[in-house]
A.B. asks: 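Pasting in a structure now, in structure tokens, and then I'll have a few things to ask.
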Amino acid sequence: MTLHGIGASSGIGIGRAVCIQEQDLDYSAVVSAGKEKEKARLQKAIEAFQARTQSMADDIKARVGEKESEILTGQIMMLNDPFMLSQMNDSIDAGNCAEAAVDAVCSLYAGMFAGVDDELMRQRATDVRDIRTRMLGILLGRTGADVSALPPGTVLVAHDLTPSMTVGLKKENIAGILTGTGGKTSHSAILARALELPAVLSVDLGRVRDGDRVILDGDSGEAILSPDERTLEAYRAKRTEQLKQRELLEAYRGKPTVDADGNAYQLYANIGSLADAEAAAASSAEGIGLFRTEFLFMDRPALPSEEEQYEVYRQVSSLMQGKEVIIRTLDIGGDKDIAYLSMDKEENPFLGHRAIRYCLDRPDLFRVQLRALLRAGAQHRNIKVMLPLVTSVDEVRAAKVLLSECKAELEAEGKAYDGQIALGVMMETPAAALTADLFAQEADFFSIGTNDLTQYVLAVDRGNAKVEKLYTPLHPAVLRSIQNIITAAKTAGIPVGMCGEAAADPCLIPLLLSFGLDEFSVSPSAVLATRRHISTWHKEAAGHVAAEAMSLSGSAGIGGYLKAASSGH
């Protein structure tokens, strides 16, 4: 039997299933002992949670890495949020016990984050659920599952691989991870990749039993239960080949990104935090092609100050040691709501008051970010500013005016800033693609955001499972849009990169090389593989593939042709 899920961590895992049961956290028999006593119980539980979590974070930092440990320290910060704590205390004041207060508030936050159509934001829902589970366990005096004594060859089966579950996990005993929830950028996926364990997420676990032999394919997202001997042998051979290929990729670490003709390209990484920047540097990325700044504004009760933003941008700039850092200005609205901004609910938020539109209407907020970016760029002069979701050159001009005013303010205040900071645009709307020649006269650089560009060009909601099969960057309309954007940039003599997921797609690489893309920006984990794929293509061969692909009329035909061309290359 084959279960289908999300391949979140590459590799083949073969072993026996060990099913981790969820804790019994029923608190229906608990009665409030009064406001003061319940608040004291809550505070004591929070202190215990923080101490245990810090210990866990220290353990993960030592065994796995600093980036992964920050998942846990982030939970401490979330539980310290004064707004969250006040809501729990308000619930106790309303007559509830501490358990009910924790449950209600955490469930509220988890529901809010889970409803966002952005996988990175849905990670926050996993964090809050983990906080809820562990806080209730502390209050009820119950311990979680012990995964420290799992036998060798274990396929760990759980509803979710929480950060706290990884403490004590002996990597050498785990063949793979199978969960009932999570996506490619969920904490389950991040931890599995950090541990270098194959993982398949979001499968129906109802048919998995303790002791079942399981094959996990972390690339295809398949879990095969009780395979026959022939299937076992085939996957053992596949696992051996994958391990060999993984070793070969190491040869590309720290090397320049060049095609088979020796033409150089920039291979950057997409990040959302300082921890991601550290992973990018470790992966030998040649810069940062997309820093999503909205995550500095989330999980907090109020706007980050200029100093707070400045410090994060400055640290990323310094960490990259002079390499280019492209920072996207605040991209909120649509699927990213920030409670303290009290943004109006919209019937169609993806086409509504979001990204650059929102920022230009909130110059008080936008100026703070622009000032922080200008100041952060003063030392290494490697920061570039990028505007999201532009549809009109007037938006770029308006942003330029604000940027000039911020420079004048900083000059008057005697504060150091980068007076020559580059201002570019994220090309992710049909309007931008169709008028790319006009934008090229205003912008210092382009970066193509294929995720939204594909969604808007095809009028397909990428979060809607019913139309998911229609969402593909291989549609001729999307490919022509990408080609038009690159051509406009080359004609105007400005750099053009791509920061959407398509930049790491091996099937698309020959087209992008042929079109003239200068810069590829991918997830840190995809840097080495992308560098290798680029290195195998001669410009002439890529041109032939692009010409044939662009002559085809349907995405299925294009996809089939490009897959064959890439695999046979």
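Position 1 is the first residue of the sequence, and the numbers go up from there.
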A.B. asks: Quick one: do R531 and E286 make a salt bridge, cutoff under 4.0 Å?
C.D. replies: yes
A.B. asks: Run the side chain to side chain donor-acceptor pair (under 3.5 Å) test on T179 and D160 for me, step by step, so that the C-alpha distance in whole Å, both residues' side-chain angles and the decisive distance to 0.1 Å come before the verdict.
C.D. replies: CA-CA 5 Å; T179 72; D160 192 12; 5.1 Å; no
A.B. asks: List the atom of S567, the atom of A564, and the distance in Å for their closest heavy-atom pair.
C.D. replies: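 For S567 and A564, the tightest heavy-atom pair comes out as OG-O, 3.2 Å.
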A.B. asks: Look at K400 together with E442 and state whether they make a salt bridge at an N to O cut-off of under 4.0 Å.
C.D. replies: yes
A.B. asks: Salt-bridge test for R292 and D276: reply yes if a basic N is under 4.0 Å from a carboxylate O, no otherwise.
C.D. replies: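 Salt bridge absent between R292 and D276.
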A.B. asks: With a 6.0 Å cut-off (strictly less than), is the heavy-atom count around CZ of R253, excluding the residue itself, greater than 12?
C.D. replies: yes
A.B. asks: With a 4.0 Å cut-off on N to O distance, would you call R328 and D452 a salt bridge?
C.D. replies: no
A.B. asks: Would K490 and D518 pass as an ion pair if we require N to O under 4.0 Å?
C.D. replies: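 A salt bridge links K490 with D518.
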A.B. asks: Residues two or more places apart in sequence or in another chain: which of them pass side chain to side chain donor-acceptor pair (under 3.5 Å) with H4?
C.D. replies: none
A.B. asks: Looking only at atom types and distance, does a side-chain atom of S317 sit under 3.5 Å from a main-chain N or O of Y313, one as donor and one as acceptor?
C.D. replies: no
A.B. asks: Please check if the number of heavy atoms outside Q242 that lie under 6.0 Å from its CD is greater than 12.
C.D. replies: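 For Q242, atom CD is crowded (more than 12 foreign heavy atoms under 6.0 Å).
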A.B. asks: Which heavy atom in I558 sits nearest to a heavy atom in L474, and how many Å separate them?
C.D. replies: CD1-O, 3.4 Å
